[in-house]
Visitor: 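Below is the structure I would like to discuss, written out as structure tokens.
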Amino acid sequence: MIDAVIVGAGPAGTCCAKKLAEAGFSVKVYEKRAEIGAPKRCGEGLSEASQNFVGKIPERCIAQRMKGARLYAPNGRYLDAILTEGGFILERKVFDKWLAEEAIKAGASVQANTFVSGLLKDSKGYYTGVKGEFMGNEFEEKARVVICATGAESPIRTQVLGVYSKVNLVDSCIQYEMTNVDMVPDMIHIYLSNILAPRGYVWVFPKGEHRANVGLGIVPQEKKPGAYMEEFFKEHPEISKGSIIEVNAGCVPVGGLVKDMVTNGFVLCGEAANHVNPIHGGGIKEAVISGQMAADVIGECLKKNDVSKTALSKYNDDWWELRGNHLKRVEKLRETLEKLSDQDLNDLVDALKPEDIIEFARGAKLSILAKVLMRKPRLVGIAMHLL
Ligand SMILES: Cc1cc2nc3c(=O)[nH]c(=O)nc-3n(C[C@H](O)[C@H](O)[C@H](O)COP(=O)(O)OP(=O)(O)OC[C@H]3O[C@@H](n4cnc5c(N)ncnc54)[C@H](O)[C@@H]3O)c2cc1C
């Protein structure tokens with residue numbers, strides 16, 4: 001029997017594996033995709049400050065460096081929010097493999113093309129391993145603890161903890177990687193508009209010369225994301241003149257943070273626990289942090305030979321204290337912004353300072369935003385939600 005088996009080799013799974021392996025535990029990570037990191041389902045944006053958690057990211061994982069974000073109001077006016085530390089557009093296919101290699105170097109074992117089809121459970125109600133399939137052969141792997149780092153779309157989290165993403169708490173996304181497009185190259189471009197992307201936004205993330213990830217996320221509805229993309233293209237010939245070299249689709253949670261992420265012998269981390277920033281849908285940093293935090297607590301529990309729900313619950317407490325309460329504030333911001341009309345968004349972009357935008361996305365200084373909204377009596381009630 002090994003110490004820990006991890007389902008999913010995204011950033012949450014491999015960062016959890018690395019920490020556990022560094023602490024001397026035997027760890028296996030199973031990934032259902034034939035290639036780790038591919039196909040990418042990501043705009044690939046990450047702040048440079050995230051390296052405080054991820055570690056120094058090698059140059060081969062970075063497609064382009066960013067100065068900040070250009071935020072467009074529905075009327076086309078924009079403001080430039082410059083990040084002090086800057087940001088990256090990654091090559092997720094390279095980045096996710098690098099994270100896996102880091103875990104392997106630390107002593108973990110990682111296996112692609114391996115689908116985990118079910119979990120093992122003992123008579124006392126403890127999860128004790130996984131059942132899976134590799135190259136047509138079924139197998140079982142017994143472990144002292146099972147970590148579910150499957151992302152939001154796997155049924156395991158629902159089967160074990162009843163966790164799922166409510167339809168109104170996911171954004172449905174489409175993204176084209178395009179070449180031969182024109183844009184200001186060292187800024188990410190974010191277009192706010194209830195017409196172009198209800199509840200979400202359109203993004204153009206430059207990825208090298210005349211290349212970009214062009215995508216949008218919307219509240220799920222009858223009109224599909226691809227149809228919204230066509231509308232965006234009509235208004236942006238500098239983008240639509242390009243060619244599509246890759247298509248990515250997926251959903252990203254924008255709420256539904258989970259209070260209880262553990263049970264006997266089982267831990268949920270990363271996007272599987274809806275650990276995503278609810279305002280911009282960025283989940284890489286949150287996945288890394290929660291994978292690492294889970295590993296710290298699991299390591300302590302393994303040392304004490306106690307992987308009960310009570311012992312593992314320290315992860316719930318730690319995560320909520322460090323990240324959950326903060327992301328909850330960001331969720332309030334998302335709930336507030338989605339109630340605004342395009343005219344309100346125009347006025348907001350005119351009224352705000354660029355540096356405030358960055359703070360808002362971090363869940364900070366929301367009282368400043370509330371004050372700006374309260375200038376319109378109609379929005380007082382909406383603004384109160386932020387206080
Ligand atoms: C269109 C789109 C754009 C995005 N853009 C950004 C962005 O620009 N920046 C950002 O920070 N975030 C972005 N995100 C979110 C980000 O990609 C995720 O939040 C992040 O990858 C979550 O990491 P994770 O390790 O928790 O899960 P994942 O990266 O989803 O990894 C989970 C892994 O588990 C595997 N798995 C699932 N079930 C099984 C099973 N039964 N057996 C074996 N393996 C299994 C999956 O194949 C997958 O590889 C975007 C998401 C989407 C959909």
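First listed ligand is number 1; within each ligand, the first listed atom is number 1.
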Visitor: Less than 4.0 Å is my threshold; does some heavy atom of Leu46 fall inside it relative to ligand 1?
Guide: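 Contact absent.
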Visitor: For atom 22 (C) of ligand 1, tell me which residue out of His280, Arg41, Glu271 has the closest non-hydrogen atom.
Guide: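 Nearest option to atom 22 (C) of ligand 1, by heavy atoms: Glu271.
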Visitor: Any nitrogen or oxygen of Gly283, side chain or backbone, less than 3.5 Å from one on ligand 1?
Guide: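 In this structure, Gly283 places an N or O atom under 3.5 Å from an N or O of ligand 1.
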Visitor: Are the charged groups of Lys303 and Glu300 less than 4.0 angstrom apart, N to O?
Guide: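 The answer is no: the pair does not qualify as a salt bridge.
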Visitor: Show, in sequence, the C-alpha distance, side-chain angles and deciding distance for Ser165 and Asn274, and conclude whether the side chain to side chain donor-acceptor pair (under 3.5 Å) test is met.
Guide: CA-CA 8 Å; Ser165 292; Asn274 297 332; 3.2 Å; yes
Visitor: Could you tell me whether Cys42 approaches ligand 1 through its side chain, its backbone, both or neither, with non-hydrogen atoms closer than 4.0 Å?
Guide: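 The answer is both, backbone and side chain.
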Visitor: Nearest to atom 37 (C) of ligand 1, what protein heavy atom do you find, and at what distance?
Guide: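 Of every protein heavy atom, Thr150 O, 3.3 Å lies nearest to atom 37 (C) of ligand 1.
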Visitor: Return yes or no for this condition: an N or O of Gly45 is under 3.5 Å from an N or O of ligand 1.
Guide: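 Between Gly45 and ligand 1 (N or O atoms, distance only) the closest approach is under 3.5 Å.
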Visitor: Give me the residue, atom name and distance of the protein heavy atom closest to atom 33 (C) of ligand 1.
Guide: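 The closest one turns out to be Glu31 OE1, 3.5 Å.
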Visitor: Return yes or no for this condition: an N or O of Gly43 is under 3.5 Å from an N or O of ligand 1.
Guide: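 Among all N and O atoms of Gly43, at least one is under 3.5 Å from an N or O of ligand 1.
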Visitor: So, is Pro11 polar-close to ligand 1, with some N/O to N/O distance under 3.5 Å?
Guide: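 Min N/O separation from ligand 1 is below 3.5 Å for Pro11.
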Visitor: Should Cys42 and Ile284 count as side-chain neighbours, where that means a heavy-atom distance under 4.5 Å?
Guide: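 Yes; the side chains approach each other to less than 4.5 Å.
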Visitor: Mind checking whether Asp356 and Phe360 have side chains closer than 4.5 Å, heavy atoms only?
Guide: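 Result yes, sub-4.5 Å side-chain heavy-atom pair found.
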Visitor: Distance to 0.1 Å, residue and atom name: give those for the protein heavy atom nearest to atom 24 (P) of ligand 1.
Guide: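 Going atom by atom, the protein heavy atom closest to atom 24 (P) of ligand 1 ends up being Ala287 CB, 3.9 Å.
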Visitor: To the nearest 0.5 Å, how far apart are CE in Met293 and CD1 in Ile289?
Guide: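 Met293 CE to Ile289 CD1: 8.0 Å, rounded to 0.5 Å.
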Visitor: Could you find the nearest protein heavy atom to atom 17 (O) of ligand 1 and give me its residue, atom name and distance?
Guide: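 Answer for atom 17 (O) of ligand 1: Arg92 NH1, 3.1 Å.
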Visitor: Which residue from Ser290, Ala149, Gly8 reaches closest to atom 32 (C) of ligand 1 through any of its heavy atoms?
Guide: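 When every heavy atom of Ser290, Ala149, Gly8 is considered, Ala149 comes closest to atom 32 (C) of ligand 1.
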Visitor: So is there a nitrogen or oxygen of Lys285 less than 3.5 Å from a nitrogen or oxygen in ligand 1?
Guide: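 So ligand 1 has no N or O lying under 3.5 Å from an N or O of Lys285.
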Visitor: If we only count heavy atoms from C-beta on, is the Met183 to His189 side-chain gap below 4.5 Å?
Guide: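 Of all side-chain heavy-atom pairs linking His189 with Met183, at least one is under 4.5 Å.
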Visitor: Rounded to the nearest 0.5 Å, what separates atom CD1 in Ile279 from atom CD in Glu338?
Guide: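 The CD1 atom of Ile279 sits 9.0 Å away from the CD atom of Glu338.
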Visitor: As an exercise, identify every atom of ligand 1 less than 4.0 angstrom from a heavy atom of Phe205.
Guide: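 Ligand 1 atoms under the 4.0 Å threshold to Phe205: 8 (O).
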Visitor: When you check the gap from the basic side-chain N to the acidic O, do Lys105 and Glu102 get nearer than 4.0 Å?
Guide: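 Salt bridge: yes.
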Visitor: Ignoring hydrogens, just give me the one of Leu268, Asn277, Val116 whose non-hydrogen atom is nearest atom 41 (N) of ligand 1.
Guide: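 Among Leu268, Asn277, Val116, the closest heavy atom to atom 41 (N) of ligand 1 belongs to Val116.
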Visitor: If the cut-off is 4.0 Å to any non-hydrogen atom of Gly282, which atoms of ligand 1 fall inside it?
Guide: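 Per the distance check, 10 (C), 11 (O), 12 (N).
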Visitor: Can you confirm, on distance only, whether ligand 1 has an N/O atom lying under 3.5 Å from any N/O atom belonging to Lys32?
Guide: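 For ligand 1, there is an N or O atom that lies under 3.5 Å from one belonging to Lys32.
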Visitor: Provide the number and element of each atom of ligand 1 under 4.0 Å from a heavy atom of Gly270.
Guide: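 In order of numbering, the contacting atoms are 26 (O).
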Visitor: Give the residue and atom name of whichever protein heavy atom lies nearest to atom 31 (O) of ligand 1, and the separation in Å to one decimal.
Guide: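 Closest protein heavy atom to atom 31 (O) of ligand 1: Gly10 CA, 3.4 Å.
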Visitor: To check your reading of the model: name the closest protein heavy atom to atom 27 (O) of ligand 1, its residue, and the distance in Å.
Guide: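 Its nearest protein heavy-atom neighbour is Gly151 CA, 3.7 Å.
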Visitor: Any N/O of Glu44 closer than 3.5 Å to an N/O of ligand 1?
Guide: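 There is such a contact, yes.
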Visitor: List the closest protein heavy-atom neighbour of atom 40 (C) of ligand 1: residue, atom name, distance to the nearest 0.1 Å.
Guide: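 The answer is Val7 CG1, 3.7 Å.
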Visitor: So is His275 touching ligand 1 or not, going by heavy atoms under 4.0 Å?
Guide: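 Distance cut 4.0 Å: His275 fails for ligand 1.
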Visitor: In the protein, what heavy atom is nearest to atom 14 (N) of ligand 1, and what distance, to one decimal place, separates them?
Guide: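 So the nearest neighbour among protein heavy atoms is Gly281 O, 3.5 Å.
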Visitor: Is the closest N or O pair between Cys173 and ligand 1 shorter than 3.5 Å?
Guide: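 No, no N or O pair falls under 3.5 Å.
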Visitor: Tell me which donor-acceptor pairs under 3.5 Å the side chains of residues 217-224 have, and how far apart each pair is, sequence neighbours excluded?
Guide:
{"unit_1": "Gln221", "atom_1": "OE1", "unit_2": "Tyr228", "atom_2": "OH", "d": "2.7"}
{"unit_1": "Gln221", "atom_1": "NE2", "unit_2": "Val219", "atom_2": "O", "d": "3.1"}
{"unit_1": "Lys224", "atom_1": "NZ", "unit_2": "Gln221", "atom_2": "O", "d": "3.3"}

Visitor: With heavy-atom distances below 4.5 Å as the criterion, would you say the side chains of Ile156 and Val7 are in contact?
Guide: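 Yes, their side chains come closer than 4.5 Å.
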Visitor: Evaluate the side-chain proximity of Leu169 to Arg334: yes if any heavy-atom separation is below 4.5 Å, no if none is.
Guide: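 Contact flag for Arg334/Leu169 side chains = yes.
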Visitor: How about Met66 and Phe205: do any of their side-chain heavy atoms sit closer than 4.5 Å?
Guide: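 They are not in contact (no side-chain heavy atoms under 4.5 Å apart), so the answer is no.
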Visitor: Report yes if Ala12 has an N/O atom closer than 3.5 Å to an N/O atom of ligand 1; otherwise report no.
Guide: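 Between Ala12 and ligand 1, an N or O pair is found under 3.5 Å apart.
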Visitor: For the atom pair CD1 (Ile368) and NZ (Lys353), what is the distance rounded to the nearest 0.5 Å?
Guide: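 Nearest 0.5 Å value for the CD1-NZ distance: 6.5 Å.
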Visitor: Filter on ring-ring contact (aromatic ring centres under 6.0 Å, His included), then keep only pairs touching residues 311-343, sequence neighbours left out; what's left?
Guide: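 Qualifying pairs, neighbours excluded: His275-Trp319.
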Visitor: Relative to the heavy atoms of Tyr30, which atoms of ligand 1 are at a distance of less than 4.0 Å?
Guide: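 So the answer, numbered in order with elements, is 43 (C), 44 (N).
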Visitor: For ligand 1, is Thr114 a contact, meaning one of its heavy atoms is under 4.0 Å away?
Guide: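 For ligand 1, residue contact (heavy atoms, under 4.0 Å) with Thr114 is present.
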Visitor: Apply ring pair (Phe, Tyr, Trp, His ring centres under 6.0 Å) to the pair Tyr78 and Tyr72, showing each step before the final yes or no.
Guide: CA-CA 4 Å; Tyr78 62 82; Tyr72 296 83; 5.5 Å; yes
Visitor: For Tyr191 and Phe232: C-alpha separation, side-chain torsions, deciding distance, then whether ring pair (Phe, Tyr, Trp, His ring centres under 6.0 Å) applies.
Guide: CA-CA 10 Å; Tyr191 297 83; Phe232 176 75; 5.1 Å; yes
